[in-house]
Visitor: 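Just passing along the structure, written as structure tokens.
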There are 2 protein chains.
Amino acid sequence: MGTNQNLTVAERIRKQFDSLTRAERQLANAILEDYPVSGLGSITAVSESSGVSTPTVARMAKKLGFGGFPQMQAQLHTELKATISSPIAKHDLWSESAPDTHILNRFADAVSENMRQTLKQIDPEEFNAVIDLLSDQKREIHVVGGRITRSMADNFFTHMQVMRSGVTLVAPNSNTWAHYVLNMNEGDILVAFDIRRYEHDILRLAEVAKSRGVTLVLFTDQWGSPAAKLATYSLNSRIEVPSAWDSLVVTLFLVEAVIAGVQAQTWDETKSRMKTLEELFDQTKMFKKFI
Amino acid sequence: MGTNQNLTVAERIRKQFDSLTRAERQLANAILEDYPVSGLGSITAVSESSGVSTPTVARMAKKLGFGGFPQMQAQLHTELKATISSPIAKHDLWSESAPDTHILNRFADAVSENMRQTLKQIDPEEFNAVIDLLSDQKREIHVVGGRITRSMADNFFTHMQVMRSGVTLVAPNSNTWAHYVLNMNEGDILVAFDIRRYEHDILRLAEVAKSRGVTLVLFTDQWGSPAAKLATYSLNSRIEVPSAWDSLVVTLFLVEAVIAGVQAQTWDETKSRMKTLEELFDQTKMFKKFI
DNA sequence: ATTTTTCTGAAAAAATATTTTCAGAAAATA
DNA sequence: TATTTTCTGAAAATATTTTTTCAGAAAAAT
């Protein structure tokens with residue numbers, strides 16, 4: 001052995017092929033056949049699929065310089081991971097003029113990873129269902145956020161308000177929420193934002209709303225707010241970044257994607273509403289001097 | 001179970017995420033983290049790398065409809081083989097379960113392109129200078145946003161407020177702005193958000209502030225708000241997406257990165273402020289019944 | 001606050017996987 | 001062909017993995 005340390009299993013096999021016995025060659029060929037996934041299962045599975053006995057597999061592993069079959073398999077796993085994790089320059093996204101350790105690049109890394117994970121996890125059916133639900137003009141929409149997510153709620157509200165009527169932003173101060181609940185009716189939708197640290201008030205509002213027949217659409221993080229169990233639809237986003245706070249970038253991405261979806265779905269009406277809005281802006285000429 | 005037969009492990013996890021317990025969610029996230037290679041090793045290895053016990057892993061496998069952990073692993077192996085043999089996923093970032101034309105994927109494409117472009121043109125020196133400026137406790141900070149960017153301003157304000165004193169959020173209604181100007185003094189900072197369609201009021205506020213010796217830090221889009229010519233520092237982000245509106249995702253990214261930078265810079269003080277804040281939250285026990 | 005239920009991981013038990021032993025088979029040598 | 005050596009796989013021995021059990025911890029309900 002000695003210098004085999006950093007070689008792949010395939011390289012070791014090729015290097016030592018001449019010294020392999022008949023049964024070992026049969027095994028080696030089977031492994032190279034569908035490399036490296038062929039060595040994935042147990043020694044029994046490998047031996048059966050290649051038509052040799054288990055001792056032969058174990059012996060060859062040692063012959064190739066591994067401590068035993070498990071060690072060889074671990075090496076195959078490592079190679080597999082390297083193959084899978086896309087060679088696409090991870091730092092494709094980086095600001096090249098800043099050093100690797102710069103907060104901009106570390107943040108960019110974290111955010112793009114969050115984005116990837118979130119997209120991987122999202123169920124398009126659920127996403128479409130949310131859009132359908134929010135496009136239903138017969139349902140009133142109530143939007144609520146917490147201390148940190150308030151800005152998400154606000155943003156969501158601002159855009160939805162342009163597209164349709166019957167959208168209410170629940171004020172941040174939970175003292176006033178009873179009044180909002182009064183206006184929640186069966187069939188209405190509550191769009192809630194709740195990421196860690198989850199807010200008890202939001203959970204309670206969700207409970208009360210639920211009891212009035214309101215459908216809950218929840219934007220939360222990967223761990224899932226306690227309100228998730230009440231939610232008909234739950235859109236989870238990854239929020240971890242190198243900071244003392246969590247990142248809402250991916251959450252905002254989902255919000256904007258939902259908004260774009262609703263807009264596409266309701267375009268005929270939205271278009272005319274937007275036009276009217278433009279006219280109103282012009283009329284009120286909000287551009288007065290203020291000093 | 002029953003109809004779970006042909007689903008991938010990831011799909012099963014997503015489908016049942018709501019019914020998973022705390023430890024199971026932790027495990028599920030770990031598995032999805034580096035999917036599907038994360039489930040490669042023995043149940044012991046998986047449990048250790050995800051920080052849960054082996055029984056939890058075995059239990060979740062059953063919960064997801066498998067006979068046991070080995071069956072789940074076999075499924076992962078199958079998926080892995082499929083992944084390996086398929087041509088390189090062209091869009092690393094995409095939700096694979098949604099079609100190419102789905103709004104989620106089109107949006108993801110646009111956002112990641114925006115991110116790339118933004119990072120490419122950002123000047124790290126300028127970025128660092130902004131962080132230094134905002135970390136200077138001797139300067140008061142005033143934050144203002146427009147109709148759409150209000151949520152960005154709000155978010156920025158919420159976080160800055162935790163880290164330091166002397167931070168004011170200028171109310172959205174420009175009628176009241178004269179009062180805010182009254183409190184702006186030489187050496188203060190005005191952090192303004194202005195993306196198209198640029199708001200005349202913001203420009204005027206910037207002008208007035210400037211005339212009082214206030215330094216302007218501007219978050220704007222790639223074209224640059226008219227206020228850019230007054231700004232000492234201007235952070236531009238790409239905002240175009242397949243939607244009738246512009247995307248604030250990259251802007252939020254910059255905001256969060258700046259906040260993380262300031263936080264790192266002022267950590268000693270920020271840490272104690274955050275601790276005090278926690279205590280205040282506990283004391284005021286905002287969790288009262290409201291109905 | 002108390003009770004009940006659910007969840008979780010340590011440890012034991014069961015099931016598998018891996019290695020070793022060893023006898024017969026195959027190949028090499030004489 | 002006989003003899004020796006090497007190889008191979010069945011079976012036993014050993015090690016590891018996986019599942020089950022169970023008691024305490026955490027969460028939910030009362």
Side-chain angles (χ1 to χ4, degrees), chain A residues 1 9 16-31 38-77 196-200 202-204 206-208 210-211 223-230, chain B residues 9 13 16-31 38-77 285 287 289:
Chain A
M1 39 216 74
V9 173
Q16 296 193 234
F17 198 83
D18 289 348
S19 73
L20 297 182
T21 66
R22 180 191 55 73
E24 284 168 352
R25 288 180 188 205
Q26 186 177 329
L27 168 61
N29 281 319
I31 290 179
S38 40
L40 238 49
S42 70
I43 193 172
T44 319
V46 172
S47 83
E48 277 179 7
S49 78
S50 59
V52 302
S53 69
T54 54
T56 298
V57 182
R59 275 191 287 257
M60 191 172 83
K62 286 200 169 164
K63 210 163 174 177
L64 294 178
F66 296 103
F69 176 77
Q71 284 72 22
M72 181 170 91
Q73 193 170 53
Q75 167 66 30
L76 283 170
H77 284 174
R196 70 173 183 189
R197 318 175 10 175
Y198 313 111
E199 297 184 30
H200 199 262
I202 301 254
L203 176 59
R204 291 202 51 78
E207 282 167 355
V208 177
K210 185 96 182 178
S211 74
W223 303 284
S225 126
K229 61 179 184 301
L230 301 170
Chain B
V9 173
I13 289 178
Q16 295 193 234
F17 195 84
D18 288 348
S19 74
L20 297 182
T21 64
R22 181 191 56 72
E24 285 168 349
R25 287 180 188 204
Q26 186 177 331
L27 168 62
N29 280 313
I31 290 178
S38 40
L40 235 50
S42 70
I43 193 172
T44 320
V46 172
S47 84
E48 276 179 8
S49 78
S50 59
V52 302
S53 66
T54 53
T56 299
V57 183
R59 276 190 287 254
M60 191 173 84
K62 288 202 167 160
K63 209 163 173 180
L64 294 179
F66 296 103
F69 176 76
Q71 284 72 24
M72 181 170 94
Q73 192 170 52
Q75 166 68 31
L76 282 170
H77 286 172
K285 282 256 196 254
F287 313 146
K289 291 193 179 179

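We name chains A, B, ... by the order of the sequence lines, and we start the count at 1 in each one.
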Visitor: Minimum heavy-atom separation for B:L76 to B:G39, with atom names?
Guide: CD1-CA, 3.8 Å
Visitor: So what is the end-to-end bend of the helix from C:dA1-D:dT30 to C:dA30-D:dT1, with 5 pairs used at each end and the value given to 10 degrees?
Guide: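 Here the local axes at opposite ends form an angle of 30°.
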Visitor: Using whole Å, report how far NE2 of A:H200 lies from P of D:dA27.
Guide: 13 Å
Visitor: Of all the heavy-atom pairs spanning B:T54 and B:S47, show the shortest one and how long it is.
Guide: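 Answer, listing the atom of B:T54 first, then B:S47: CG2-OG, 3.4 Å.
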Visitor: With sequence neighbours left out, write down each residue that passes side chain to side chain contact (heavy atoms under 4.5 Å, CB included) with B:P55, or none if nothing qualifies.
Guide: B:S53, B:R59
Visitor: Once side chain to side chain contact (heavy atoms under 4.5 Å, CB included) is applied, do any residues pair with A:T21, and if so which ones, sequence neighbours excluded?
Guide: A:E24, A:K63
Visitor: Can you name the side chain to side chain contact (heavy atoms under 4.5 Å, CB included) partners of B:R22, sequence neighbours left out?
Guide: B:Q26
Visitor: Nearest-nucleotide wise, let me know which of B:G67 and A:K229 is further upstream toward the 5' end of DNA chain D.
Guide: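 Comparing both residues, the 5'-ward one is B:G67.
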Visitor: Hey, are the side chains of B:L27 and B:V46 touching, using non-hydrogen atoms and a 4.5 Å cut-off?
Guide: yes
Visitor: Hey, could you give me the CG/CZ distance between B:N29 and B:F17, rounded to the nearest 0.5 Å?
Guide: 4.5 Å
Visitor: Could you tell me if the side chain of B:M72 sits less than 4.5 Å from the side chain of B:I31, heavy atoms only?
Guide: yes
Visitor: Please give, in whole Å, the distance from D:dT16 P to A:Q73 CD?
Guide: 15 Å
Visitor: Go through residues 38-45 of chain B and report each residue with a non-hydrogen atom lying under 4.0 Å from DNA chain C, sorted by number.
Guide: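 Within this stretch, nothing sits under 4.0 Å of the strand.
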Visitor: Can you list the residues that meet the side-chain hydrogen bond (donor to acceptor under 3.5 Å, both in side chains) rule with A:R25, with sequence neighbours excluded?
Guide: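 Checked A:R25 against side-chain hydrogen bond (donor to acceptor under 3.5 Å, both in side chains); zero matches.
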Visitor: For D:dT20, take OP1 and OP2 only and decide whether either is under 4.0 Å from a side-chain N or O of B:K62.
Guide: yes
Visitor: Quick one: salt bridge (charged side-chain N to carboxylate O under 4.0 Å, His left out) partners of B:E48, sequence neighbours excluded?
Guide: none
Visitor: Hey, can you pull the residues of residues 46-59 of chain A with a non-hydrogen atom under 4.0 angstrom from DNA chain D?
Guide: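 Contacts with DNA chain D under 4.0 Å: A:S53, A:P55, A:T56, A:R59.
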Visitor: Please round to the nearest 0.5 Å and tell me the distance separating atom CG of A:L40 and atom CD of A:Q73.
Guide: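 Those atoms lie 7.0 Å apart.
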Visitor: May I ask you to test the B:T44-B:V57 pair for a side-chain heavy-atom distance under 4.5 Å?
Guide: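 No, side chains not in contact.
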Visitor: Please list, in numerical order, the residues of residues 20-29 of chain A that have a heavy atom closer than 4.0 Å to any atom of DNA chain C.
Guide: none
Visitor: Separation of B:K63 atom NZ from C:dT6 atom C1', in whole Å?
Guide: 10 Å
Visitor: Hey, does A:M60 have a side-chain heavy atom less than 4.5 Å from the side chain of A:V52?
Guide: no
Visitor: How would you list, by chain and number, every residue that makes a side chain to side chain contact (heavy atoms under 4.5 Å, CB included) with B:Q71, sequence neighbours excluded?
Guide: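 Partners of B:Q71 under the side chain to side chain contact (heavy atoms under 4.5 Å, CB included) test: B:F66.
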Visitor: Identify all pairs in which a protein N or O lies below 3.5 Å from an N or O of nucleotides 13-15 of chain D, and state each distance.
Guide:
none

